[in-house]
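Below is one structure, written out as C-alpha cells; the observations come after it.
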Amino acid sequence: MVFGSNLLHCYSRRLNMISGFDYVKSNGLKKVLALIVDGIPTDLSAIFSETAKIEAITKEHPLGLEIMRHTTAHIMAQAIKELYPSAKIAIGPVIEDGFYYDISCEHRFTPDDFPAIEKKMREIIKADYKITREIVSKDDAIEFFRGKNELFKVELIQDLNVTEVSLYHHEDKFTDLCRGPHLPKTGMASTHFEIMKTAGAYWRGDSNREMLQRLYATSWFSKEELDNYITLLEEAEKRDHRKIGREMDLFHLQEEASGSVFWHPRGWTLYRTLRNYVRKRLAKDGYVEVCTPQMVDKVLWEQSGHWEKFRQNMFISESEEKTLAIKPMNCPCHIQIFKQGTKSYRDLPLRMAEFGCCHRNEPSGSLYGTMRVRSFVQDDAHIFCMPEQINSETKKFCNLLSKIYRDLGFEKFSVKFSDRPEKRVGSDEIWDLAEDLLQKAVREVGLEYTINKGEGAFYGPKLEFVLKDKLNRDWQCGTFQVDFNLPERLGAWYTGEDGEKHHPIMLHRAVLGSLERFIGILLEHYAGKLPMWLAPVQIVVATITNDYDDYGKRFYDALIESGIRSEFDVRAEKISYKIRNHSVEKVPVMAIIGENEKSNNTITLRKMDGSQENLAFDNAIDLLRKICKEPL
RNA sequence: GCCGAAAUAGCUCAGAUGGUAGAGCGGCUGAUUCGUAAUCAGUAGGUCGGAGGUUCGAUUCCUCUUUUCGGCACCA
C-alpha cells in the first residue's frame, strides 16, 4: 500500500508504516533517487507498510535516468515560466535519450534563447528546492491550474478518469501536474544536460489543434555520457545518406522533381545490383516476375477501394474522357494478371513479383532524402494461395527474409505481429484462422516477436520486420500481410479440389520495402563503405607513375573481362593523392601498380583501411572475382 | 499539410547600417613522374532560389512563392 501524502506521517508508527526517507536512512543507503514499493515506482517521501517489498532506485537502476530526466523536464518548465511568465505549459515527458516540454508562448523560441534557459535551470538545480508530492481532488486541481491560467493542464485533468490527481511542487516556485515519481530535490538533477532544438508539435498530437513549441533536451548523469551522446549524433550526421550520396556521386534531388530521385551512374549501379540480387533470391524461391501498367483507369481503383481510402495520396491524370491514376501500389494490377484465364488449386501458391515504380503524393513535410519519396520501387510481391498454405508460405517468406537481411549485413532484426484492428472486414472465424496460422508459422520458424495489438491491416493480420543498424537505430522494412479482401473485391477466383470456385488468399509481402529507402539505410548503416559486391566502383587501378600505365592497363582489362566494376587512374598525380581521392569516394579496393609490381608480375591490392597484400597477377584477379561475388 | 529556420560558385562556407560579392576544396591550363589519405603555379566559375514591391540604386529591407532542413501530423 502506498500513500503519497505526508499527512499520514503521524499515523505511521501506529500502523507500522515507514517513510521512504526513514527506510533509506535506517538501511544506510546512499544516493537513492526513488524507490520501487511492491513493484510500483514511488517517491522517497512516500509512506508504506514496513512489510512492503522495497527496491532502491539509484543512478545505476534503469529507472534512475528516466526519473532524473523527468524532474529535469520540470526544471526546464520552471525555468521557462520564470523567464517568460506568460508561457503556458502543456506536457513534458521523458523520451529516448532525453525529454521535451511542449509550451505555448508568444515568444518564439530560438537556439539563441537556450543559454539563458539553461542558465536558469542550473540556478534551480543549485537552489536545491525540495520537491513534494501532493494529492488533491480533481476539482481542486482544475481550480488551481485555472487560477494560474494553465489551461492545457486543466484540459488534461478534465480528461483523466480519476477522482484525485498528484501535483509536484518545487517549494512555492513551481507546480506541475504529474504522476511521478520525481527526485526529492532539484539539486539531485544532473547538470549534464543540454537543450537541443525547438520544433512545432500539435497539442495532443492532433493536427486540428494548436501548434505548440516543443523544446527538446538531453540529460545524463555524467559529462562522459553526455559527450558520448553528442558524439553519436555527430556520427549519425556524418553517415547521413544525403551527404554520402553526394560524396559518392550516387544521386541528387532537385526542386523541379521534389520527392523523386535522380540516380547517377554510380547510384544506379548500386540500385541495379541490389535489385538483381533480390531477383535471384526470389527466383530461387519460385517467384515469377511481371510488369504492369503505370497508369490505370480510376474504375479499377474504385473497385479496389483505393479511390475511397487512398485518393489524396494518388496522382491523377486525364486522357480524353477518362480519369487515370498513376499506381500507388501494384496489388490491383497483379490481380488482373491472376484473373486472366482460369486458375485451379494446382496453380497455387502463385508468387507474383514486380519491381514496379509506384507514385504516392506524400505530404511535402514528410519528404526526406531518398528515405521518404513520392516515386519509388518496392521489392513487392503477392502470393495467391489457399488458407491451408498460409503457414508454409509464411515460413518460406521468413526464411527468405532472414537470408536477405544477413546477406546485406543486418544481423539483428525484430518482428512485430499486428493483430485484428477494431475496424476490419471478414468474420471472426476467418480472423481466428489467419492470426492462428500466422502466429504458429512465425513460432515454427523460431522468430521471437512482440504483439502490436490492434495494429493489423483492415483486411488481415500482418508481420512487420524491423532492422537494427550499426548505430542501433530501428528501420521498419519487411512486411507480410494476409489479405482476404482484395481478391474478393476484384473478383479473383480459382477452382478448388472440390470443383467449387473460391477466392484465393493474397499475401502482400516485401523484404526491403522501397529500394530508394533501403539504399538510404544501407548507406547510413555502412557509412558509405559498402561491402565489395554492392560497391558501385569495386576497384580503382592506380599507377605510381605513367611508366607503369601499360602494365596497369593489362590488369584493368583483365578486371573488366571478369565483370569487376573497375576504373583506371593514370593521372600524373602522386599515389597518396590518388589514394585519398578514391578513399573519399569510398572505393573499397585499389590496385597499386609500380616498379615492384611490374618487374615481379604482381599486383598490390590495398583496402580502404590501409591493409594490403601483394599477389601474383592471376591470383589477384581470382581473389577479386571471389570477393566481388554477390552472396547467393 | 502545420510550426520554426534556411537558400550566396560544383561542394563547404564567409560577407556588406542598401552602392551589382569572397575563401578553401573541386574544375580547367601548365609544370611536376613521385610508393600508400591533399605537389606547385596560373585561370575560369555567381541573374546571391523565383516573382513582385519600397528605393536614385536591392543579393541585403518588405510581401508572396518554391525548395530544403529540424520537428509535428501522415505513412493505405
Side-chain angles (χ1 to χ4, degrees), chain A residues 95 100 102-105 108-112 196-216 237 240 242-243 246-247 249 252-259 301 304-314 328-329 331-332 358 360-369 371-374 376 421 423 456-459 462 476 479 481 483 485-486 508 513-514 517 542-549 570-587 590-597 604-612 614:
Chain A
I95 50 171
Y100 65 78
D102 283 351
I103 311 269
S104 170
C105 187
R108 296 284 129 195
F109 292 104
T110 70
D112 295 340
M196 306 298 287
K197 58 193 169 196
T198 63
Y202 296 111
W203 168 231
R204 308 200 109 178
D206 183 343
S207 56
N208 296 311
R209 305 200 62 181
E210 186 185 342
M211 171 83 47
L212 307 170
Q213 299 189 73
R214 177 171 296 177
L215 272 79
Y216 283 95
E237 205 179 309
D240 191 315
R242 293 165 296 191
K243 187 170 133 75
R246 201 184 311 112
E247 286 167 357
D249 192 17
H252 84 271
L253 295 141
Q254 70 182 51
E255 243 182 80
E256 292 81 355
S258 171
W301 304 112
S304 71
H306 287 87
W307 198 256
E308 189 199 343
K309 300 233 180 239
F310 205 65
R311 192 175 164 186
Q312 285 110 320
N313 288 292
M314 288 162 73
M329 300 175 206
C331 27
C358 294
R360 296 180 193 176
N361 199 354
E362 303 284 359
S364 56
S366 67
L367 302 178
Y368 170 61
M371 301 275 210
R372 185 88 181 262
V373 284
R374 286 180 172 150
F376 57 92
K423 282 173 82 179
F458 69 91
Y459 46 71
K462 63 179 175 185
Q476 189 179 311
T479 182
Q481 310 173 359
D483 179 5
N485 187 47
L486 218 49
H508 305 242
S514 120
R517 177 162 176 271
T543 49
I544 290 187
T545 77
N546 293 120
D547 293 342
Y548 311 105
D549 287 359
V570 290
R571 292 174 301 173
E573 298 288 355
K574 283 168 50 170
I575 196 65
S576 50
Y577 182 80
K578 294 185 183 182
I579 285 171
R580 179 183 156 77
N581 237 228
H582 300 116
S583 297
V584 168
E585 290 173 343
K586 312 277 197 299
V587 177
M590 287 184 70
I592 311 289
I593 291 178
E595 181 56 34
N596 290 342
E597 287 75 15
T604 296
L605 297 181
R606 181 195 192 276
K607 288 201 219 148
M608 220 196 302
D609 62 9
S611 66
Q612 60 183 26
N614 187 258

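Naming convention: chains lettered A, B, ... in sequence-line order (proteins, then strands); numbering from 1 in each chain. Predicted model, so just to flag it, every value in this text is computed and none were measured.
- By the side-chain hydrogen bond (donor to acceptor under 3.5 Å, both in side chains) test, A:Thr479 is found to be paired with A:Gln481, residues two or more places apart in sequence or in another chain being considered.
- Among the nucleotides B:rG35, B:rG1, B:rA37, the one closest to the side chain of A:Glu595 is B:rG35.
- Using a 4.0 Å heavy-atom criterion, one finds that A:Arg108 contacts the sugar-phosphate atoms exclusively.
- The closest donor-acceptor contact from the side chain of A:Asn546 to the backbone of A:Val570 lies under 3.5 Å.
- Between the side chain of A:Ser583 and the backbone N or O of A:Ile579, at least one donor-acceptor pair lies under 3.5 Å.
- Here the closest heavy-atom approach between residue A:Pro332 and residue A:His306 is recorded as CG-CE1, 3.7 Å.
- At a threshold of 4.0 angstrom between heavy atoms, the contacts of A:Ser207 are confined to the sugar-phosphate backbone, with no base atom among them.
- Side-chain atoms of A:Glu308 never come within 3.5 Å of backbone atoms of A:Gly305 as a donor-acceptor pair (strictly under, hydrogens ignored).
- The separation of B:rC48 from B:rA9, taken at their C1' atoms, amounts to 10 Å, rounded to a whole angstrom.
- Using a 4.0 Å heavy-atom cutoff across all strands shown, A:Ile575 reaches sugar-phosphate atoms only and no base atom.
- Nucleic acid contact for A:Met590: none, since no nucleic acid atom lies under 4.0 Å from a heavy atom of the residue.
- Under the 4.5 Å side-chain criterion, counting only non-hydrogen atoms from C-beta, A:Val373 is not in contact with A:Arg517.
- A donor and an acceptor atom never sit less than 3.5 Å apart when one is taken from the side chain of A:Arg209 and the other from the base of B:rC2.
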Distances under 3.5 Å between nitrogen or oxygen atoms of protein and nucleotides 9-12 of chain B:
from   : atom 1 : to       : atom 2 : distance (Å)
B:rU12 : OP1    : A:Arg246 : NH1    : 3.2

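- Look at CD on A:Glu362: it is 12 Å from C1' on B:rG1, rounded to the nearest Å.
- The P atoms of B:rC61 and B:rU17 are separated by 11 Å, rounded to the nearest whole Å.
- Between A:Arg209 and A:Tyr202, the closest side-chain pair of non-hydrogen atoms is not below 4.5 Å.
- Between the C1' atom of B:rU32 and the NZ atom of A:Lys578 lies a distance of 13 Å, rounded to the nearest Å.
- B:rG45 takes the syn form, because its glycosidic angle lies no more than 90° either side of 0.
- If you check B:rC74, B:rA37, B:rG70 against the side chain of A:Tyr368, the one that comes closest is B:rG70.
- For the P atoms, the distance linking B:rA37 with B:rC72 amounts to 42 Å, nearest Å.
- Straight-line distance between the P atoms of B:rC62 and B:rA6: roughly 11 Å, to the nearest whole Å.
- Here A:Ala199 lies in heavy-atom contact (under 4.0 Å) with a base.
- With B:rA37, B:rG1, B:rU36 as the choices, the nucleotide that has an atom nearest any side-chain atom of A:Val584 turns out to be B:rA37.
- What separates NZ of A:Lys574 from P of B:rU36 is a distance of 9 Å, to the nearest Å.
- Separating the C1' atom of B:rU8 from that of B:rU47 is a span of 12 Å, rounded to the nearest Å.
- Counting only Watson-Crick and G-U wobble pairs whose two distances sit under 3.5 Å, RNA chain B takes part in these stems of three or more pairs: B:1-7 with B:66-72, B:10-13 with B:22-25, B:27-31 with B:39-43, B:49-53 with B:61-65.
- For A:Gln254, the CD atom is densely surrounded, since the number of other residues' heavy atoms within 6.0 Å is greater than 12.
- Contacts of A:Glu597 with the nucleic acid, taken as non-hydrogen atoms under 4.0 Å apart, include base atoms.
- Within the 3.5 Å criterion, the main-chain N or O of A:Asp483 finds no donor-acceptor partner in the side chain of A:Lys462.
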Are any protein N/O atoms closer than 3.5 Å to N/O atoms in nucleotides 25-27 of chain B? If there are, list each pair with its distance.
from   : atom 1 : to       : atom 2 : distance (Å)
B:rG26 : OP1    : A:Tyr577 : OH     : 3.3

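- Within 4.0 Å of A:Asp206, counting heavy atoms only, lies no atom of the nucleic acid at all.
- The shortest heavy-atom contact between A:Thr543 and A:Tyr548 is CG2-O, 3.4 Å.
- The side chain of A:Glu573 lies closest to B:rU39, out of B:rU33, B:rA37, B:rU39.
- A 4.5 Å side-chain heavy-atom check between A:Ser364 and A:Arg374 finds at least one atom pair inside the cut-off.
- Regarding contacts with the backbone of B:rG70, every side-chain N or O of A:Lys197 stays at 4.0 angstrom or more from both OP1 and OP2.
- An OP1 or OP2 oxygen of B:rC72 is reached within less than 4.0 angstrom by a side-chain nitrogen or oxygen of A:Tyr216.
- Within 6.0 Å of CD in A:Glu256 there are more than 12 heavy atoms belonging to other residues, nucleotides or ligands.
- A donor-acceptor distance shorter than 3.5 angstrom exists from the side chain of A:Gln213 to the backbone of A:Cys105, with no hydrogens or angles considered.
- Nucleotides B:rC3 and B:rC64 have their P atoms positioned 12 Å apart, rounded to a whole Å.
- Among the heavy atoms of the strands lying under 4.0 Å from A:Ser366 is at least one base atom, whether or not backbone atoms are also near.
- Comment: A:Asp240 engages A:Arg242 in a salt bridge, judged by a side-chain N to carboxylate O separation of less than 4.0 angstrom.
- With sequence neighbours excluded, the residues satisfying side-chain hydrogen bond (donor to acceptor under 3.5 Å, both in side chains) with A:Asn581 are A:Arg571.
- Across all strands, A:Gly365 comes closer than 4.0 Å to base atoms (heavy-atom distances).
- Between A:Ile593 and A:Phe109, the residue whose closest nucleotide on RNA chain B is further toward the 5' end is A:Phe109.
- For B:rA7 and B:rU59, the C1' atoms lie 12 Å apart once the distance is rounded to whole Å.
- When each of A:Met211 and A:Thr604 is assigned the nucleotide of RNA chain B with its nearest heavy atom, A:Met211 is the one assigned upstream, toward the 5' end.
- In this structure, A:Asp549 atom CG and B:rC34 atom P are separated by 13 Å, rounded to whole Å.
- Side-chain contact between A:Ile575 and A:Ile592 is present, with at least one heavy-atom pair separated by less than 4.5 Å.
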Shorter than 3.5 Å, N or O on both sides, protein versus nucleotides 59-68 of chain B: list them out with atom names.
from   : atom 1 : to       : atom 2 : distance (Å)
B:rU66 : O2'    : A:Glu255 : OE1    : 3.0
B:rU68 : OP1    : A:Ser258 : OG     : 3.2

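- Comparing B:rU39 with B:rU60, their P atoms sit 41 Å apart, to the nearest whole Å.
- Within the 4.5 Å cutoff, side-chain heavy atoms of A:Asn614 are placed close to those of A:Glu597.
- Residue contacts for A:Met371: at a heavy-atom cut-off of 4.0 Å it reaches no nucleic acid atom on any strand shown.
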